[in-house]
J.: 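The structure under discussion is supplied below as structure tokens; questions concerning it will follow.
Proteins get letters first, then strands, A, B, ... in listed order; numbering begins at 1 in each.
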Amino acid sequence: RKEVEQDPGPFNVPEGATVAFNCTYSNSASQSFFWYRQDCRKEPKLLMSVYSSGNEDGRFTAQLNRASQYISLLIRDSKLSDSATYLCAVGGAAGNKLTFGGGTRVLVKP
Amino acid sequence: DAGVIQSPRHEVTEMGQEVTLRCKPISGHNSLFWYRQTMMRGLELLIYFNNNVPIDDSGMPEDRFSAKMPNASFSTLKIQPSEPRDSAVYFCASSLRVTGAANVLTFGAGSRLTVL
């Protein structure tokens, strides 16, 4: 079993719709959680950190479920520019090393 | 801030040749990471350094791979000899590691390696 797993998608989303997807992790001692966005042939860029109480940044909402060991990302009012691959990243108890999931591809269509 | 600088951006070489990838982290950052990304295996951590010291190299595929960080502003990843299966995008990332805080990585643009 991989340490961090994601549904690869693609999630085909009509413009203006809401899309949500999860990322599961196997190490219950994980301490830090992030969502990164990666555009085609570009580097991953931090989208948002994920806090225990859940957090929101504009149209993006991230949640952490420690009991079931997953994090989620919800995108509201999807824009064409939201089309990208979304990578989750999980940091272990040591707090330094980040393990990435394989990414979930999102395609927003007019 | 110029961000994390990687070179070369693209490298095409023949099997058996030595490849050296270079990285300049963000000034003031004290942790540096080398990742490799392929379609099949995703983004894999190869090695990371804290304060120029290698901490975990368990992701380095084999002895053909080596990484150094001679000072806080420069790191290299070397593959010798290179093989076609080493073809991938190699990302360098840096962060400011603060005890008790989440570790946010900033990535360079990557070095796309093709080994023929």
J.: Tell me whether A/Phe21 shares a hydrophobic cluster with A/Leu64, the cluster being built from Ile, Leu, Val, Met, Phe, Trp, Tyr side chains joined at under 4.5 Å.
T.: yes

J.: Please enumerate all residues that pass salt bridge (Lys or Arg N to Asp or Glu O under 4.0 Å) together with B/Arg112, with sequence neighbours excluded.
T.: none

J.: So do the side chains of B/Gln37 and A/Gln38 get within less than 4.5 Å of each other, counting heavy atoms only?
T.: yes

J.: Look at B/Gly110, B/Gly108, B/Gly42 and state which one has the largest set of heavy-atom pairs under 4.5 Å with chain A.
T.: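 Winner by heavy-atom pair count: B/Gly108.
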
J.: Taking B/Met60 as the starting point, is it possible to reach B/Trp34 by hopping between hydrophobic residues whose side chains are less than 4.5 Å apart?
T.: yes

J.: Look at atom CD of A/Glu3 and say whether more than 12 heavy atoms of other residues, nucleotides or ligands are closer to it than 6.0 Å.
T.: no

J.: Mind checking the CG-CZ spacing from B/Leu105 to A/Phe34? Nearest 0.5 Å is all I need.
T.: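 Interatomic distance, B/Leu105 CG to A/Phe34 CZ, rounded to 0.5 Å: 8.0 Å.
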
J.: Is it true that atom CG of B/Asp63 has more than 12 heavy atoms of other residues, nucleotides or ligands lying nearer than 6.0 Å?
T.: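 Count not over threshold, so no.
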
J.: Do B/Leu21 and B/Leu43 share a hydrophobic cluster, counting only Ile, Leu, Val, Met, Phe, Trp and Tyr and linking them when any side-chain heavy atoms are less than 4.5 Å apart?
T.: no

J.: Enter the distance from A/Lys97:NZ to B/Leu45:CG here, rounded to the nearest 0.5 Å.
T.: 6.0 Å

J.: Should B/Val19 and B/Phe91 be regarded as members of a common hydrophobic cluster, given that ILVMFWY residues are connected when their side-chain heavy atoms come within less than 4.5 Å of each other, either directly or indirectly?
T.: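 Not linked; separate clusters.
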
J.: Does B/Glu83 CD have over 12 foreign heavy atoms under 6.0 Å away?
T.: yes

J.: Checking side-chain contact (heavy atoms from CB on, under 4.5 Å) against B/Phe107, which of A/Lys45, A/Glu43, A/Lys42 comes through?
T.: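 Single side-chain contact (heavy atoms from CB on, under 4.5 Å) partner of B/Phe107 among A/Lys45, A/Glu43, A/Lys42: A/Glu43.
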
J.: Consider only side-chain heavy atoms of I, L, V, M, F, W and Y, link residues closer than 4.5 Å, and tell whether A/Leu47 and A/Phe11 are in one cluster.
T.: yes

J.: Quick one: are A/Leu98 and B/Tyr35 in side-chain contact, heavy atoms under 4.5 Å?
T.: yes

J.: Quick check on the structure: residues of residues 100-107 of chain A within a heavy-atom distance below 4.5 Å of chain B, by number.
T.: A/Phe100

